[in-house]
Colleague: 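Sharing a structure below in structure tokens format, with a few things to ask.
Both backbone and side-chain heavy atoms feed into the values below; hydrogens, waters and symmetry mates do not.
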Amino acid sequence: MFTLSFPDGSKRDYDAPITGLELANSISKSLAKKAIAIKRNGRLDDLAAALGEDCNVEIVTRDSDEALELIRHDAAHIMAEAVQTLFPGTQVTIGPVIENGFYYDFAREEPFHLEDLAKIEAQMRKIVQKNAPFTLEIWDRDEAVAWFKERGEDYKAELIEALPEGEEVRIYRQGEWLDLCLGPHLPSTAKIGTSFKLLKLAGAYWRGDSRNPMLQRIYGTAWRNDSELKTYLRNLEEAEKRDHRKLGREMDLFHFQEEGPGSVFWHPKGWTLFQQLIGYMRRRQHGAGYVEVNSPDMLDKSLWVTSGHWEKFGENMFTTTTPDEREFALKPMNCPGHVQIFKNGLKSYRDLPMKLAEFGKVHRYEPSGALHGLMRVRHFTQDDAHIFCAEDQITAECVKVNDLIISIYHDFGFDDVRVKFSDRPEKRVGSDEVWDRSEAALKHAIDKAGVKWTLNPGEGAFYGPKLEYVLRDAIGRDWQLGTLQVDLNLPGRLGAFFITPEGEKHTPVMLHQANFGSLERFAGILIEHHAGRMPLWLAPVQVVVATIVSEADDYGRKVLEALDKAGIRTEIDLRNEKINYKVREHSMAKVPAILVCGMREAQEGTISVRRLGQKYQKVMPLAEAIAALVAEATPPDLRED
RNA sequence: GCUGCUGUAGCUCAGGGGUAGAGCACUCCCUUGGUAAGGGAGAGGUCGAGUGUUCAAAUCACUCCAGCAGCACCA
């Protein structure tokens, strides 16, 4: 006898094993109809799975969140069957569920074409209509390998061979077709519904390793119903409108051109935004005890060899040979330069922690396929800083850095920052003992700071473990912004030391930190976050004064002058156009405030304020309007409240 | 870097073996109009670059460059 416990707290005893479907049926016919899987002690399983022991059990219906995962998983299987039906000889590899959808990687000589997606989708709909049941079979490992090999499915055979010893070989059959799979699955193909769509084609390396052959990946999305699918597709379209590359062009912020791949041409408006970011960061750094420095853009190659950068990143550095045949490299980082500044002149323990900050333009020859608007460029400005300290100061300094970064992001409206902890990579400098210490120190610090983090194994910098502060762009892609790294290696390699109270030479620890990270990338993220509608303090043009009739132009100029004096970035529109036209144009240009004046305002000394996104305007005395704008345009770190 | 796709006017895009088209933007003229497009006229392109096929290439083929999506990479 065994007992099943249900979500509502009730319990029932059973003498013989019972399947999920039987259980659902025993509760109610309607539940059985909606049931698509069970959850046993919190883990999903097939509806056909037998329950024979004490456990908590829950019937999963199609309305649940778990259903989405199952639908997408099944859709991947169905897509694989469809592809193999239409393109015999194609090998299947893996096909997992991802956020908002699924993909499957195929091995096939001939490339798929975009037009093929519609055919595959049509075939999928046929398979759905057949309503073939998904059934689980446990196969003998050797037989399974032989079976797949016989059919030319070398990748699947490899996957089975790679299964840990003692693990079952689970095969799910759907009609004629079958696949190796952990499951669980829906009861049958029709249960996935018809709300799916194949979206894109791409290449992807077998097992994620660029030394392996490239497979062909087909991405799809699947939802519970058409309205969910429609909403998702519409959101995708909306997100594309926020793309900073598109907005950058429309708002005249920056551009790229063929001669400078991965290099930004900042236009006056974009550069204004950029300068606001720098100004803000300078204030924050100053307030936190940093001093700003500037180090050379180009340094002798030997320095990069000593630091270890050459060994790891030599191929990604821009170099130049001078007429006297010295080889120089454009700096890909500021740290070696900052170490030189630290080394210049004897440093005492009294100087620690020493915090050097720089807005340095760094140059990295990024692979062509990695370039992406402002997010990934070959020349970018790092707001990076290096804290030289003693080992017993690491924790306290890291906690301060973390607090600073979080507070900075908060000022920009980013409250959902994710933090990843990346530990030692394969290719690294320094002994394991040093790595043990630096990883432990950083971990200790973030835990002390009370930050939630996830582990990113093996993704640390070559000289030390790192925290990555990650934000998401409009289309859901993640980008690293800030970082904090504990480095017990470079200072020693570059010969930095300080004098201890005992009068001994000691190697300092270096904390690498970047708050914005890349200013270019941060600007890109900001633009997407606000869909171009920047908060007043950041907007390149904060106010446009627009006159209704040319008799009001003189008054308009006075308004401009007053705003200028108040430090508001203002433009004036005296063109011979109707006010509708001017309002439309500046609204589309995402100017936060349009100050309109006609003869009425000129006579009364007022102004009509129209804020971006609002349908109505407010007429108020000029001085009052300016005061309100000045208050709002104050950067968050300078506000009184 | 790899796979697939794309490259025509400032922007968005149509066209397609017989030496180029639309809308918006731009310039000029008329219009002085009260909160998201007043009217008219005009100007603007070696069709990404190179090579080849052809009587003829923006159109076809190849190479390169750049961009887009994804993968790999990201100090």
Side-chain angles (χ1 to χ4, degrees), chain A residues 103 105 111-114 116 199-219 240 243 245-246 249-250 252 255-262 304 307-317 331-336 362 364-373 375-376 382 384 425 427-429 459-464 466 468 475 477 479-480 483 485 487 490 512 514 517-518 521 546-553 576-588 594-601 608-610 612-617 619:
Chain A
Y103 69 76
D105 286 348
F112 290 116
H113 297 282
L114 234 42
D116 296 332
L199 296 175
K200 51 194 178 188
L201 274 172
Y205 296 108
W206 168 235
R207 300 201 142 157
D209 190 329
S210 59
R211 289 167 299 194
N212 288 340
M214 184 158 266
L215 308 171
Q216 298 189 62
R217 177 172 295 179
I218 301 177
Y219 284 93
E240 275 163 26
D243 189 317
R245 293 166 296 187
K246 191 175 156 71
R249 208 173 25 243
E250 287 170 5
D252 195 17
H255 86 269
F256 292 90
Q257 63 188 49
E258 288 201 9
E259 292 84 350
W304 304 106
S307 71
H309 286 90
W310 190 262
E311 161 81 16
K312 177 122 204 249
F313 292 110
E315 284 185 359
N316 300 306
M317 285 165 74
K331 65 174 170 188
M333 295 191 75
N334 294 316
C335 34
V362 296
R364 299 177 179 180
Y365 181 76
E366 302 283 10
S368 56
L371 301 179
H372 185 98
M375 306 298 197
R376 193 80 181 270
Q382 257 193 339
D384 84 336
K427 214 170 162 185
R428 59 180 183 262
V429 298
E459 297 295 321
F462 73 87
Y463 46 72
K466 70 174 180 184
E468 293 176 47
I475 338 224
R477 288 176 287 220
W479 299 95
Q480 177 195 310
T483 182
Q485 305 162 6
D487 180 359
L490 289 190
H512 303 242
S518 150
R521 177 179 293 177
T547 52
I548 294 170
V549 290
S550 34
E551 282 81 60
D553 286 0
N576 174 15
E577 296 292 351
K578 290 197 169 179
I579 195 60
N580 291 25
Y581 185 90
K582 294 184 183 182
V583 166
R584 175 182 155 83
E585 194 161 276
H586 301 301
S587 297
M588 290 201 308
I594 304 172
L595 266 51
V596 175
C597 52
M599 287 318 288
R600 216 152 56 216
E601 288 78 6
S608 168
V609 181
R610 184 184 171 115
L612 183 60
Q614 287 179 3
K615 277 207 160 145
Y616 303 100
Q617 55 280 352
V619 178

Colleague: On a whole-Å scale, what distance lies between the C1' atoms belonging to B:U63 and B:A25?
Modeller: 36 Å
Colleague: When rounded to the nearest Å, what value does the distance between C1' atoms of B:C29 and B:G17 take?
Modeller: 43 Å
Colleague: Taking atom C1' of B:G4 as reference, at what distance in whole Å does atom CZ of A:Arg217 sit?
Modeller: 13 Å
Colleague: Looking at B:G1, does its base get a donor-acceptor pair with the side chain of A:Tyr205 below 3.5 Å?
Modeller: yes
Colleague: Select from A:Pro261 and A:Arg376 the residue whose nearest nucleotide in RNA chain B is closer to the 5' end of that strand.
Modeller: A:Pro261
Colleague: Is the phosphate of B:U35 approached by A:Ser608 (side-chain N or O, under 4.0 Å from OP1 or OP2)?
Modeller: no
Colleague: Do the side chain of A:Arg207 and the base of B:C71 come within less than 3.5 angstrom through a donor-acceptor pair of N or O atoms?
Modeller: no
Colleague: Along nucleotides 5-14 of chain B, 5' to 3', which nucleotides get a B, which get an S, and which get a -, given that the test is a protein heavy-atom distance under 4.0 Å?
Modeller: S-B---SS--
Colleague: From C-beta outward on A:Pro367, which listed nucleotide comes closest to its side chain: B:C73, B:A69, B:G70?
Modeller: B:C73
Colleague: In whole Å, what separates the C1' atom of B:U46 from that of B:C24?
Modeller: 25 Å
Colleague: Closer than 4.0 Å, any side-chain N/O of A:Arg245 to the OP1 or OP2 of B:A69?
Modeller: yes
Colleague: Side chain of A:Arg364 only, heavy atoms from C-beta on: which candidate in B:C74, B:U32, B:U35 is closest?
Modeller: B:C74
Colleague: So what does A:Gln485 touch, heavy atoms closer than 4.0 Å: a base, only the sugar-phosphate, or nothing?
Modeller: sugar-phosphate
Colleague: Looking only at side-chain atoms of A:Ala370, point me to the closest of B:G70, B:C73, B:U35.
Modeller: B:C73
Colleague: For B:G40 and B:A61, measure between their C1' atoms and round to the nearest Å.
Modeller: 48 Å
Colleague: Kindly say if A:Arg610 contacts the phosphate of B:A36, meaning a side-chain N or O under 4.0 Å from OP1 or OP2.
Modeller: yes
